[in-house]
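In this chain, residues are counted from 1 in sequence order. As the structure is a prediction and not an experimental result, all values here were calculated from the model.
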Amino acid sequence: MTDLTCEIAGLALRSPVLAASGCAGTGRELAKFEPLDSFGAVITRSVTLQARAGRPTPRLVETPSGLLNAIGIPGPGIDGFLADELPWLVDHGATVVASIAAGDAADYGRLAQRLRQVRDIAGIEVNLSSPLVPRGRLPFSAEPGPAAAVVQAVRRSTSSSVPVFAKLSGDVGDVVAVGRACVQAGADGLSLINAMRAMSVDVDLTRPALGSGSGGLSGPAIRPVALRAVWETARELPKTTIVASGGIRSGRDALEMLLAGASAVALGSVLIADPSAGRRVSAELAELMDSRGAKSIGELIGLAHLGWEVDS
């Protein structure tokens with residue numbers, strides 16, 4: 001019988017298929033269509049120190065093979081998350097990985113400190129592509145130094161038993177260099193990749209389609225970029241746990257990421273169109289594994305690298 005259980009940075013999961021940050025909402029929205037325990041873990045929408053209203057509307061725009069968003073990380077802040085959202089997720093069977101976002105390394109550390117004694121947090125994902133800076137720039141994920149400083153602040157404030165994952169952007173010149181700096185600073189794993197900066201113009205209104213001008217592109221359009229980031233990172237940092245995200249919509253997409261070196265995958269924009277995608281993708285992945293005689297996820301991770309090299 002095909003075994004979908006897996007381990008990411010010491011965290012045992014029932015499935016390698018996770019719900020990506022923000023795309024499960026608070027959990028309440030997704031649970032109407034799919035039991036939350038059908039996911040290996042639910043990565044929360046990014047939690048901030050203070051409550052936030054988010055960016056101006058429109059916040060979502062469809063594009064060919066993708067979805068543009070400029071949500072702006074709305075939410076009740078850390079107090080509201082701990083009082084309301086986290087207990088509800090736990091009561092409904094979710095394994096919770098908390099995503100955190102802030103404007104500087106010190107605030108990232110403060111968020112991690114608030115979560116330190118919370119036993120229901122299985123892991124922390126550090127959103128290094130946080131838009132909580134002027135004009136939505138990405139200073140933390142763009143360069144190794146700032147990324148490492150944030151991860152170090154979080155790792156120092158987090159229990160050693162709780163894995164820390166650094167979520168990186170695909171909008172960088174050398175994602176491997178940034179990933180390496182994060183691992184050296186204490187990250188237990190990397191999440192690759194976040195939405196990529198992009199925009200759309202409404203030709204009828206002759207203005208940007210998103211209320212904030214530009215936003216992040218997700219969906220199938222960025223899957224080859226995400227796959228390249230996973231492949232290169234797994235090749236250069238073979239002992240690093242990778243959670244892949246970016247346009248994954250099927251079991252075949254998930255298998256491709258595993259073969260490239262990911263240990264798990266996170267579903268994002270597909271959950272908006274197909275809220276039951278978690279269970280479907282897991283079933284499709286199990287079927288593909290069975291057809292290939294693979295009994296466990298571990299047999300597949302990085303398999304595409306074995307015996308492969310670029311011709312000189």
Side-chain angles (χ1 to χ4, degrees), residues 8-9 16-24 41 43 45-46 63 65-71 73 97 99-101 123-131 136-144 146-148 150-151 164-183 187-199 214-237 240-249 253-254 256-271 281 301-302 304:
I8 56 170
V17 179
L18 286 58
S21 176
C23 298
I43 306 173
R45 58 178 177 170
S46 290
T63 66
S65 298
L67 183 69
L68 276 172
N69 85 85
I71 304 299
I73 312 185
V97 174
S99 172
I100 59 174
I124 293 178
E125 183 179 83
V126 185
N127 181 0
L128 291 171
S129 301
S130 168
R137 303 296 183 190
L138 309 175
F140 308 121
S141 63
E143 297 292 339
V150 169
V151 170
V164 171
F165 301 90
K167 186 162 190 177
L168 307 184
S169 170
D171 283 328
V172 297
D174 190 346
V175 69
V176 175
V178 179
R180 180 181 289 109
C182 290
V183 171
D188 301 286
L190 303 173
S191 294
L192 303 171
I193 59 174
N194 210 335
M196 301 183 66
R197 287 177 295 172
M199 73 173 297
S214 63
L217 176 65
S218 60
I222 72 167
R223 187 164 59 84
V225 179
L227 185 66
R228 184 266 309 167
V230 169
W231 173 272
E232 292 183 354
T233 302
R235 183 184 60 198
E236 300 298 327
L237 303 172
T240 299
T241 297
I242 298 172
V243 177
S245 61
I248 299 167
R249 303 177 66 86
D253 294 342
E256 190 175 17
M257 292 295 188
L258 294 174
L259 294 174
S263 296
V265 301
L267 304 185
S269 57
V270 66
L271 294 175
V281 171
I301 297 172

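Taking each heavy atom of Arg228 and Gly170 in turn, the nearest pair found is NH2-O, 4.2 Å. Scanning both residues, Val178 and Ala147, for their nearest heavy atoms gives CG1-CB, 3.7 Å. Smallest separation of non-hydrogen atoms from Ala226 and Ser245: CB-O, 3.4 Å. Residues Leu67 and Ser269 come closest through the heavy atom pair CD2-CB, 4.3 Å. Contact between Ile8 and Ser263 at its shortest, heavy atoms only, is CG2-CB, 4.0 Å. In terms of heavy atoms, Gly247 sits closest to Ile222 at N-CG1, 4.4 Å.
Atom OG in Ser169 sits 6.5 Å away from atom CZ in Arg197 (nearest 0.5 Å). The line from CG of Leu258 to CD of Glu256 is 10.5 Å long, rounded to the nearest 0.5 Å. Considering CD1 of Ile242 and CZ of Phe165, their distance stands at 11.5 Å, rounded to 0.5 Å. Here the straight-line distance linking atom CD1 of Ile100 with atom CG of Leu128 works out to 9.0 Å at 0.5 Å rounding. To the nearest 0.5 angstrom, Glu236 atom CD is 8.0 Å from Glu232 atom CD. Atoms OG1 and CG, on Thr63 and Leu68 in that order, are 5.0 Å from each other to the nearest 0.5 Å.
For the side-chain contact (heavy atoms from CB on, under 4.5 Å) with Thr233, the lone residue among Val183, Val176, Ile193 that qualifies is Val176. When each of Leu18, Leu190, Ile43 is checked for a side-chain contact (heavy atoms from CB on, under 4.5 Å) with Glu125, only Ile43 meets the rule.
Residues satisfying the salt bridge (charged side-chain N to carboxylate O under 4.0 Å, His left out) test with Arg180, not counting sequence neighbours, are none. For Asn194, the side-chain hydrogen bond (donor to acceptor under 3.5 Å, both in side chains) partners two or more places apart in sequence, or in a different chain, are Asn127.
For Asp188 (side chain) and Ala9 (main-chain N/O), no donor-acceptor pair under 3.5 Å exists by modelled atom type.
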For this session: Please step through side-chain contact (heavy atoms from CB on, under 4.5 Å) for the pair Ile73 and Arg45, ending with a clear verdict.
Result: CA-CA 7 Å; Ile73 312 185; Arg45 58 178 177 170; over 6 Å; no
